[in-house]
Visitor: 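Sending over a structure as structure tokens; questions will come in a sec.
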Amino acid sequence: MTRYVSNRLLLAIPTLIGVAVITFFLLRVLPGDIVEARLRGDGAQVTVDVIERERTRLGLDRPRSEQFVDWIYGLAHLDLGNSMWTGRPVIEEVAARFEITFQVAIMATLIGCILAIPLGTVAALYRGTWIDTLVRLFAVAGLAVPSFWLGMLIIMGLLMTIGTLPPLSFTPIYKDPFANLWQLIWPAVAVGYRFSAVLTRIVRSSLLEVLGEDYIRTARAKGVLENVIVRRHALRNALLPAVTVIGLEFAFLLGGLVVTEQVFGLNGLGKLFVQSVARHDFTLIQGMVMLFAAFYILTNLVIDLVYAVLDPRVRYQ
Amino acid sequence: MADMALPKAKRHVSWLRNPLVDFCLKQPAGAVALLVLLVILFAGIFAEWIAPYDPLENDLAAILLPPSAEHWAGTDSFGRDILSRIIFGARTALIIGLSSAFLGCTAGAVVGAASAYFGGKVDDVIQRCIDLLLSFPLIVLALVVVAVLGRWLVFGIDINLILAIMIPIVPQVARVIRSSALVIRHLSYIDAARIAGYSNTRIVLRHMIPNLSAPYLIMLTAYIAQAILLEAVLSFLGLGVAEPTPAWGLMLSGSASDFFQEAPWIIIFPGVAISLAVFAFNLLGDALRDWLDPKFKT
């Protein structure tokens with residue numbers, strides 16, 4: 001197994017290099033750069049001299065290939081460089097905001113699973129009835145409602161019912177779990193609804209498929225209770241494809257949070273990313289894209305490992 | 001005997017054989033979705049004639065008015081009529097959603113079919129590139145493209161925004177189409193075409209692509225929904241459609257977040273418009289899949 005994992009990690013290196021090349025050269029085609037965004041941003045008059053000096057300081061006047069080699073050299077040493085806007089190391093900027101985004105992503109995943117597994121199961125068991133129709137409507141609606149709009153509706157609902165909003169400043173969970181959950185549950189619900197919609201459809205269709213298998217018929221013929229069949233025989237196998245979707249969606253949640261964080265005023269990775277895009281902060285964008293890609297690759301690896309634990313037929317190659 | 005005569009007799013009624021009628025009869029949910037989409041399409045095309053007010057006209061005497069007989073959906077913080085902005089916003093959403101999804105799905109289909117047809121090294125290289133693009137979250141990729149390209153307006157339509165939404169769609173469609181194309185690739189008519197001496201381009205474009213139309217259509221409707229949603233998200237973030245062009249996502253951003261607590265209608269109606277359009281396209285995609293599936297399996 002160690003060998004399998006190390007092989008997979010080695011295979012990730014070319015992908016990461018590809019991501020690095022694409023992001024780096026994509027960003028450098030950009031007409032404006034951070035110096036213009038920052039110095040001319042307020043409409044202030046800046047002399048060419050000042051702009052040139054700032055470019056030299058950030059190394060933007062050097063040839064692109066030289067900048068690229070520098071950056072890749074840093075990457076190989078696990079150094080993502082410094083933010084062009086704040087001057088702080090990229091890794092510090094990300095670390096400061098990672099906790100909040102990661103926690104919301106986990107909570108949204110949990111909410112998604114808690115809603116989707118029972119709903120998908122019920123829909124499959126009562127296939128073709130009004131229950132099934134209702135669940136399918138819930139799922140299609142979940143894919144249609146933008147999570148940032150749902151977030152706005154939640155904020156409005158909170159103001160109308162209890163008249164206050166959760167505080168804007170972030171409280172870590174180990175300091176005050178209640179304050180923390182009260183603050184983060186709402187964005188998690190806004191994102192989790194979409195998650196549950198995706199998952200409900202998968203659970204429903206894969207359970208329907210499993211229920212048609214021979215071993216389910218055998219179990220019924222043996223006289224196993226229907227509810228044991230569903231729980232022990234069918235659902236366990238039906239949840240395998242769901243694991244893949246849970247993992248992939250979890251990796252993509254980081255993307256989904258980009259907007260929802262804005263609505264709830266959370267200072268997370270999504271907000272940082274949008275900010276750095278607006279500021280043309282190249283090193284920060286590059287660093288974050290690299291981290292997103294690495295996270296995605298790692299999540300995929302974990303899914304495959306979990307798969308082997310859940311299904312003994314799957315073997316590492 | 002009587003049972004068998006019935007479908008035969010039905011077959012002689014010509015309008016029942018019309019695929020559109022057949023679809024509506026077999027997929028009532030799809031028919032409803034189609035109806036909703038026709039309404040949105042109608043609103044988008046004839047916005048000038050349908051909209052009760054000019055969507056760009058500020059009326060400082062009518063700021064943040066609640067829904068009434070004069071302003072059915074109320075007015076925003078500049079006194080602009082929200083219903084009119086939603087109707088014109090339908091045009092923006094459709095132009096950007098349809099064109100980016102169409103371009104993305106078509107490019108993805110060609111790449112996927114070519115990848116499956118050529119196989120070997122070409123397939124390997126294309127698959128690695130697809131893996132690469134898939135390791136960016138959709139919105140992150142779109143944001144990077146928007147940031148890189150800036151705005152490029154042609155007749156008031158931001159071409160770069162269409163590109164930004166289209167590019168993340170390509171690898172996803174290519175992957176699905178490739179797996180369908182792998183099945184077709186070994187069928188005898190492809191071999192026949194090769195023996196007949198047709199060029200590779202001709203085989204991919206004229207023989208493979210038309211036979212992949214079922215998965216293509218299903219993906220197209222699903223990705224139109226995605227594209228409309230992504231356009232709304234980018235506009236909401238201030239990186240998509242620019243003011244003062246009416247766009248649904250844009251109506252939820254900016255000053256909307258300052259006023260929606262006292263004037264909830266300024267966010268409720270645009271959000272409903274986005275959800276309804278995306279809902280209808282998703283529903284249509286689902287119905288289309290159920291309708292095409294039996295044909296597509298055989």
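The basis for the numbers below is simple: all heavy atoms, side chains too, and nothing from hydrogens, waters or symmetry mates. Just so we're on the same page: letters track the sequence lines, and every chain starts at 1.
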Visitor: Identify which of A:I285, A:N300, A:V19, A:V277 forms the greatest number of heavy-atom pairs closer than 4.5 Å to chain B.
Guide: A:V19
Visitor: With only heavy atoms counted, which part of A:V145 is less than 4.5 Å from chain B, the side chain, the backbone, both or neither?
Guide: both
Visitor: Is it the backbone or the side chain of B:F279 that comes under 4.5 Å from a heavy atom of chain A, or both, or neither?
Guide: both
Visitor: So how far is it from A:I22 CD1 to B:C129 SG, rounded to the nearest 0.5 Å?
Guide: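 Answer for the CD1-SG pair, A:I22 versus B:C129, is 7.0 Å.
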Visitor: If you look at every heavy atom in A:Y296 and B:L134, which pair is closest and at what distance?
Guide: CZ-O, 3.6 Å
Visitor: Under 4.5 Å heavy-atom distance to chain B, tell me which part of A:L137 shows up: side chain, backbone, both or neither.
Guide: both
Visitor: Once rounded to the nearest 0.5 Å, what's the spacing between atom CG of B:D286 and atom CZ of A:R136?
Guide: 6.0 Å
Visitor: B:I267, B:I274, B:D131: which one forms the most heavy-atom pairs within less than 4.5 Å of chain A?
Guide: B:I267
Visitor: Is there side-chain contact between A:V258 and B:L237, with heavy atoms separated by less than 4.5 Å?
Guide: yes
Visitor: Chain B heavy atoms under 4.5 Å from A:T133: which part of the residue, side chain, backbone, both or neither?
Guide: neither
Visitor: State, to 0.1 Å, how close A:A144 and B:S275 come at their nearest heavy-atom pair, and which atoms those are.
Guide: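 Looking at all heavy atoms of both residues, the closest pair is CB-O, 3.4 Å.
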Visitor: Drop me the distance from A:F273's CZ to B:L143's CG, to the nearest 0.5 angstrom.
Guide: 5.5 Å
Visitor: Answer whether the closest heavy-atom distance between the side chains of B:F281 and A:L143 falls below 4.5 Å.
Guide: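 Not touching, per the 4.5 Å side-chain cut-off.
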Visitor: Heavy-atom pairs under 4.5 Å with chain A - which of B:L252, B:L229, B:L133 has more of them than the others?
Guide: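 Winner by heavy-atom pair count: B:L252.
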Visitor: Heavy-atom cut-off 4.5 Å, strictly under: side chain, backbone, both or neither for B:I268 against chain A?
Guide: both
Visitor: For the interface with chain B, which of A:T23, A:V289, A:L153 has the highest count of heavy-atom pairs at distances below 4.5 Å?
Guide: A:V289
